[in-house]
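I have placed the structure first, in the form of structure tokens, so that the comments after it can refer back to it.
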Protein chains: 2
Amino acid sequence: MKGGCCQHQHLPRAIQQPLSELTARLKEKSRKITGPRQAILDVLRRHQHPVTNKEIHAALASEGCDLATIYRNMHTLAAMGMVQRFDFGDGIARWELIAEGEDSHHHHLVCTQCSMIVEIEDCLPEGFEKALAARHGFTNVTHKLEFFGLCNRCSRAASTGATMTVP
Amino acid sequence: MKGGCCQHQHLPRAIQQPLSELTARLKEKSRKITGPRQAILDVLRRHQHPVTNKEIHAALASEGCDLATIYRNMHTLAAMGMVQRFDFGDGIARWELIAEGEDSHHHHLVCTQCSMIVEIEDCLPEGFEKALAARHGFTNVTHKLEFFGLCNRCSRAASTGATMTVP
DNA sequence: AGCTGATTTGCAAATGGTTTGCGTTGACTT
DNA sequence: AAGTCAACGCAAACCATTTGCAAATCAGCT
């Protein structure tokens, strides 16, 4: 699953957050504001859709940030609640910056052919998790939900018999 | 994420399917009915919850079925629509036998502490995917949905201050 | 500004799940 | 019974991710 970052339909929410605000959050949690850290956060700011570690690494090619450093930082940032991890079922972690304060809960609709991604605001009905938790005696219930399908362009290509991968 | 198969609350749907019926499905699609294949299907029959390749391999220790053979067969079976793959976000594939004919669509509620799994019948509201597809010009929209939380036992253990992992 | 201790980084090696190349075996057709 | 090709076992390759360790860097303090 490859995929670029530039089918932008609107500016990413995240980029509205200045880098300084992000580093401030680091300081709050007494985390050091290092070069690699800032570079990673800056890459995340510019992407509205989930980014893989490899993509971050590639984006930082000029600065030459180590992959291990990226992996370690994503863990740290996730533990701090600054980024959220998404899984599209291909075994590759994808990350998105979480906007401070506001409810950033959302899901994605991914084209299985060309990997185009659409952010989805819709979610499960209100109270769904609560009911589920109650029914099965669970607490702290959360969910992972992602949608997959063929985007407009790809489904057209498929139906007109153009070159395509077997499903 | 470890986890046994034996918190059975009811007999797995799948085991109701005799092995002979499963091999018949192989024959239909002109797939060879080999020893390893039957052994794998038999393991799947006995498990109501998703099983990892490693677990299948372990269950077949006596017969000594190669791991690569298991991986290859799961692919084949998935392509044939005989098994379904689930992802719990830990990068490990889990498989469940799909009952012939009947709608076997379901999700899971997984305890993040002890890995206990509950099968969930509830799903998104009727028409949800259709609406989503229409709104974004997609076709063939499907979804992956899994729930995570603390099971009864584990959340009790946590609140009484017993030994626990930091969240 | 310089010092110091703890965090963080880079590099290289190790993990762990999954895939693949290849020669051999064995299931099914004729 | 013989021939053919899918399927198998084994070993090596892949790829995302993790980890050990010594050197570099950051933050607070003097």
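Every chain is numbered from 1, with letters handed out A, B, ... down the list of sequences.
Within the helix from dA1(C)-dT30(D) to dT30(C)-dA1(D), the inter-axis angle between the opening and closing five-pair segments is 30°, rounded to 10°.
A side-chain donor-acceptor contact under 3.5 Å links Gln17(A) and Arg25(A). Between His49(B) and Glu96(B), the side chains place no donor N or O within less than 3.5 Å of an acceptor N or O (distance only, hydrogens not considered).
Ring-centre distance between Phe147(A) and Phe88(A): not below the 6.0 Å cut-off.
For Asn152(B), the side chain to side chain donor-acceptor pair (under 3.5 Å) test picks out Arg156(B), with sequence neighbours left out. The ring pair (Phe, Tyr, Trp, His ring centres under 6.0 Å) test applied to His107(A) returns His105(A), His143(A), not counting sequence neighbours. With sequence neighbours left out, the side chain to side chain contact (heavy atoms under 4.5 Å, CB included) criterion links Ala78(B) to Val83(B), Trp95(B). Checked against side chain to side chain donor-acceptor pair (under 3.5 Å), Asp42(B) has the following partners two or more places apart in sequence or in another chain: Arg45(B), Arg46(B). In this structure, Glu63(B) has no salt bridge (charged side-chain N to carboxylate O under 4.0 Å, His left out) partners at least two apart in sequence or on a different chain. Applying the ring pair (Phe, Tyr, Trp, His ring centres under 6.0 Å) criterion to Phe86(B), with sequence neighbours excluded, gives His106(B), His108(B). Residues satisfying the ring pair (Phe, Tyr, Trp, His ring centres under 6.0 Å) test with His136(A), not counting sequence neighbours, are none.
Taken residue by residue, residues 56-69 of chain A places heavy atoms nearer than 4.0 Å to DNA chain D at Ala68(A). DNA chain D is contacted by Arg31(B), Lys32(B), Thr34(B), Pro36(B), Arg37(B) of residues 23-40 of chain B, taking any non-hydrogen atom closer than 4.0 Å. Scanning residues 70-85 of chain B for heavy-atom distances under 4.0 Å to DNA chain D yields Arg72(B), Asn73(B).
The closest side-chain heavy-atom distance from Leu77(A) to Leu26(A) is below 4.5 Å.
Once you apply a 4.0 Å limit to the heavy atoms of chain B, the touched nucleotides of DNA chain C run 5' to 3' over dG17(C) to dC28(C).
Here Asp87(A) does not pair with Lys144(B) in a salt bridge; the nearest charged N to carboxylate O distance is not below 4.0 Å.
Taking every heavy atom of both residues into account, Glu119(A) and Pro50(A) meet most closely at OE2-CD, 4.2 Å. Pairing each heavy atom of Cys111(A) with each of Cys151(A), the nearest pair is SG-N, 3.3 Å.
In this structure, Thr112(B) OG1 and Phe148(B) CZ are separated by 9.0 Å, a value rounded to the nearest 0.5 Å.
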